[in-house]
Amino acid sequence: MTQRIRKAVFPVAGLGTRFLPATKTVPKEMLPIVDRPLIQYAVDEAIEAGCDTLVFITNRYKHAVADYFDKAYELEQKLEKAGKFEQLEVVRHVLPQGVQAVFVTQAEALGLGHAVLCARAVIGDEPFAVLLPDDLIWNRNGDGALKQMADHAQAHGVGAIAVQDVPREQTASYGIVETEGFQDRSGAIRRMVEKPKPEDAPSTLAVVGRYILPGVIFEHLEKTGRGAGGEIQLTDAIASLLADHQVDAYRFRGTRFDCGTHIGLVEATIRFALDHEKISDAARDSMATALRELGVTDVS
Ligand code: UTP
């Protein structure tokens with residue numbers, strides 16, 4: 001698989017139950033981190049990695065995602081008339097020129113594996129990326145996580161799955177990989193274990209929502225029956241793929257925020273606010289004031 005990835009799949013057809021009631025009308029992927037929706041961070045990461053075709057797996061409740069990537073003629077005209085050129089540029093560059101968005105409907109939420117399978121007709125048999133926008137990965141001054149993985153996958157002719165080191169007591173919250181000779185940042189995956197107890201975990205390398213997979217994964221997904229929770233699991237198809245394809249665990253450089261949880265979304269918001277060119281000072285002052293008013297003195 002020395003071919004460079006050009007297509008990225010964003011499965012966004014989940015129900016987002018952890019953020020109800022907000023997600024009753026606003027898709028989870030449209031929740032903002034400061035001034036940009038979650039999905040924009042993942043899209044920018046895919047484009048930076050070289051992708052020019054973005055495939056969104058949506059459902060009938062997620063029109064806001066398609067609307068967001070559509071051209072907003074009226075808004076653009078109004079901004080232009082009002083001389084708000086900075087905002088006009090921001091709106092126009094949600095998707096840069098030469099990048100196309102494709103929307104595929106997942107009629108029933110049958111799981112992440114099923115969502116990826118829905119992209120088959122668009123992807124064909126070439127290698128592609130899967131990004132879960134809930135996992136926001138921030139690498140302040142360096143390459144994004146997907147670009148790091150794409151470089152690795154292309155150089156070594158392998159698939160790749162992003163992993164991060166987690167404390168052993170947290171393994172039961174993650175998919176954990178067992179690798180062969182993990183060195184520096186990567187190692188070939190031997191098997192993946194879903195949510196093992198700390199004492200059973202084969203390592204402390206946890207799967208994060210970035211994958212680079214060969215097109216043949218669709219054949220494995222076709223054969224994958226319903227697994228845990230009655231859903232078609234991407235992990236099960238990857239386990240089957242491992243029999244004849246090398247897929248590496250890749251420990252990316254950067255910080256990952258799990259924005260599928262309340263605390264992860266708050267952490268990402270704080271981090272991006274503190275680093276924001278316009279509001280960083282105000283954000284720091286506001287946090288100091290909040291801690292003082294709440295009587296929090298120990299912030300170690
Ligand atoms: P999650 O397990 O986080 O589920 O899905 P969710 O519905 O988004 O959120 P909660 O747990 O109810 O709060 C992981 C990813 O897989 C996508 C989701 O949109 C998310 O990006 N997904 C999941 C689908 O696209 N289709 C599915 O059938 C299931």
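Whatever order the structure lists ligands and atoms in, that order sets their numbers, starting from 1. What you see is a predicted model; the values in this text were computed from it and never measured. Computation of the quantities below employed the complete heavy-atom set of this structure, encompassing side-chain atoms and omitting hydrogens, waters and symmetry-equivalent molecules.
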Any nitrogen or oxygen of [X], side chain or backbone, less than 3.5 Å from one on ligand 1?
{"X": "Arg18", "answer": "yes"}
{"X": "Thr17", "answer": "yes"}
{"X": "Ile57", "answer": "no"}
{"X": "Leu15", "answer": "yes"}
{"X": "Pro133", "answer": "no"}
{"X": "Leu132", "answer": "no"}

(message) Under 4.0 Å, counting heavy atoms only: does Gly260 come that close to any atom of ligand 1?
(response) no
(request) Give a yes/no verdict on whether any heavy atom in His114 is under 4.0 Å from an atom of ligand 1. (result) no
(message) So Val116 and Phe218, do their side chains get closer than 4.5 Å, heavy atoms only?
(response) yes
(message) Distance to the ring centre below 6.0 angstrom and angle to the axis at most 45 degrees; does that hold for Arg6 and Phe128?
(response) no
(request) Please work out whether the ring planes of Phe103 and Phe69 are parallel, tilted or perpendicular, with thresholds of 30° and 60°. (result) tilted
(message) Protein non-hydrogen atoms only, distance under 4.0 Å: does atom 8 (O) of ligand 1 have such a neighbour?
(response) yes
(request) May I ask you to say whether Asp275 pairs ionically with Arg271, meaning some side-chain N is under 4.0 Å from a carboxylate O? (result) no
(message) Is the contact between Asp134 and ligand 1 made by the side chain, the backbone, both, or neither, using heavy atoms and a 4.0 Å cut-off?
(response) side chain
(request) Select the closest option to atom 25 (O) of ligand 1 among Ala13, Gly16, Gly111, judged by heavy-atom distance. (result) Ala13
(request) Can you figure out which of Cys259, Ala42, Gly14 has its heavy atom closest to atom 18 (C) of ligand 1? (result) Gly14
Check ligand 1 against [X] and write out every atom of the ligand that is under 4.0 Å from a heavy-atom position of the residue.
{"X": "Leu112", "value": "16 (O), 29 (C)"}
{"X": "Gln106", "value": "24 (C), 25 (O), 26 (N), 27 (C), 28 (O)"}
{"X": "Ala115", "value": "24 (C), 25 (O), 26 (N)"}
{"X": "Leu110", "value": "28 (O)"}

(message) Could you check, using the six-membered ring where one of them is a Trp, whether Phe272 and Trp138 have ring centers closer than 6.0 angstrom?
(response) yes
